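Owing to the predicted nature of the structure, the values given are computational and were not obtained by experimental measurement. In what follows, chains are A, B, ... by sequence order, proteins preceding strands, each numbered from 1.
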Number of protein chains: 2
Amino acid sequence: MTEKSVRSPESTRERILDAALSVFSNKGYHDARLDEIVAESDTSKGSIYFHFPNKERLFLALVEKFADLVERRVREAIARQPSPMAKVEAALEACLEAFGRYRRPAKVMLVQATGLGTVFEEKRLEINERFARLIRIYLDEAVAAGEIEAVDTDVIAYAWLGSIYHLTIRWVYTGEPEPSRIVKTLVPMLLQSVNYTKGQKGR
Amino acid sequence: MTEKSVRSPESTRERILDAALSVFSNKGYHDARLDEIVAESDTSKGSIYFHFPNKERLFLALVEKFADLVERRVREAIARQPSPMAKVEAALEACLEAFGRYRRPAKVMLVQATGLGTVFEEKRLEINERFARLIRIYLDEAVAAGEIEAVDTDVIAYAWLGSIYHLTIRWVYTGEPEPSRIVKTLVPMLLQSVNYTKGQKGR
DNA sequence: ACGCCTAAACTGACCGGTCGGTCGATCCCG
DNA sequence: CGGGATCGACCGACCGGTCAGTTTAGGCGT
């Protein structure tokens, strides 16, 4: 029955991360109990502390893992496009798509990781900076290439991220509006905000 | 010497709220110790529990107080304007202005109130809804009046709030960019995002 | 004017449950 | 049989909340 034998350390680590994701996303960092993660992962306190130095790091591992995933998706999407503004558009879509596909990790990264101590806040700022830079680079290129007018691309990039985050958070909690609807309205709106109307103008 | 006598209950309550704002904004909800609020307010544990039923409610009192303040400012700004889009613009400016003026309350409301339990999350959703509705109403009127094209005003309103929140949060932590710079770039950008260019077009 | 009484306001020592983290025992693969 | 991996009973610091008691303000009868 209990097929507990023969479990690689790798799989144990994964099971812990899975359970942690589940518990953290439901309860939030502080209300998440290690004992609950133990139960859900079918491991033990000791095992968790063998693989992670403490609760904080376990949590950060989750955040980092998801941030890396999203960044990878975005970079791939960008690489596929030829022009700066096409890259920007693809980046926005990829980002929203990733958040939409993974509700729980999104919740952990965007919500649960907020309002905890200094350590967490620094990680958040770092991740935001990573994504913002990703967008800003091509926004700047688009300006240089004359695809859009000159603007404060630093502010724009953060504003865009804020829109994406906020709508995603709302969707995570209320289930509304659906990701597809968000993309449909938000992406054109953001492009419009820098006065960019690709090829065909809106109907 | 110690002019501790003659303190109205009102002033005590205020002192507790002041101290709580200071401690919560620096430490976040969970790392904030009641004992620290006691020390900073020069009162006592019992006094806090005389004025507030528990830590949670004390915190929520702060959040509500600030949300009410911002809402009041926004409503006043709106009342001063004649046309729908002028109201929308004024609302955005008033909102940013209020956040910019009160750094600590902004931090508490936008950051520290996040990722706590269900109770807090509901309060957040409620406040967001209040602000979003405030904007959406006049956005809808603007559409009806033909000032802007038809759009998904629900998504737009939340996206705008997200931009404002996110830039404010960043400013709260890094001191950059300055509120004035945010307003200067963000407001025109948001108006542009619904293809609205008031009277004079940008240079 | 004066002491008496009550209630509101306030104090701070103390309690007790909670939960992240520890550690010695145990398992089992190579 | 060595040591990486796992287990889970146990520890004890920590902190929100309690409560018995003290102080203050003012109403009231005489």
What nucleotide among [options] has an atom nearest to a side-chain atom of [X]?
X     : options                : value
A:T12 : D:dT6, D:dG16, C:dG21  : D:dT6
A:R33 : D:dG17, C:dG20, C:dA8  : C:dG20
A:S47 : C:dT11, D:dG17, D:dC7  : D:dC7
B:T43 : D:dT6, D:dG16, C:dT11  : C:dT11
B:Y49 : C:dG21, C:dC10, D:dG17 : D:dG17
A:S44 : D:dC7, C:dT11, C:dG20  : D:dC7

Less than 6.0 Å separating the ring centroids of B:F120 and B:Y29? yes

Hey, which of these two, A:G46 or A:F50, hits DNA chain D nearer its 5' end, going by closest nucleotide? A:F50

For A:D35, which contact category applies under a 4.0 Å heavy-atom criterion: base, sugar-phosphate, or nothing? nothing

Looking at every strand, decide which applies to B:K45 at a 4.0 Å heavy-atom threshold: base, sugar-phosphate, or nothing. base

Check: B:V151 and A:T185 side chains under 4.5 Å, non-hydrogen atoms: no

Is A:D68 salt-bridged to A:R130, going by a charged N under 4.0 Å from an acidic O? yes

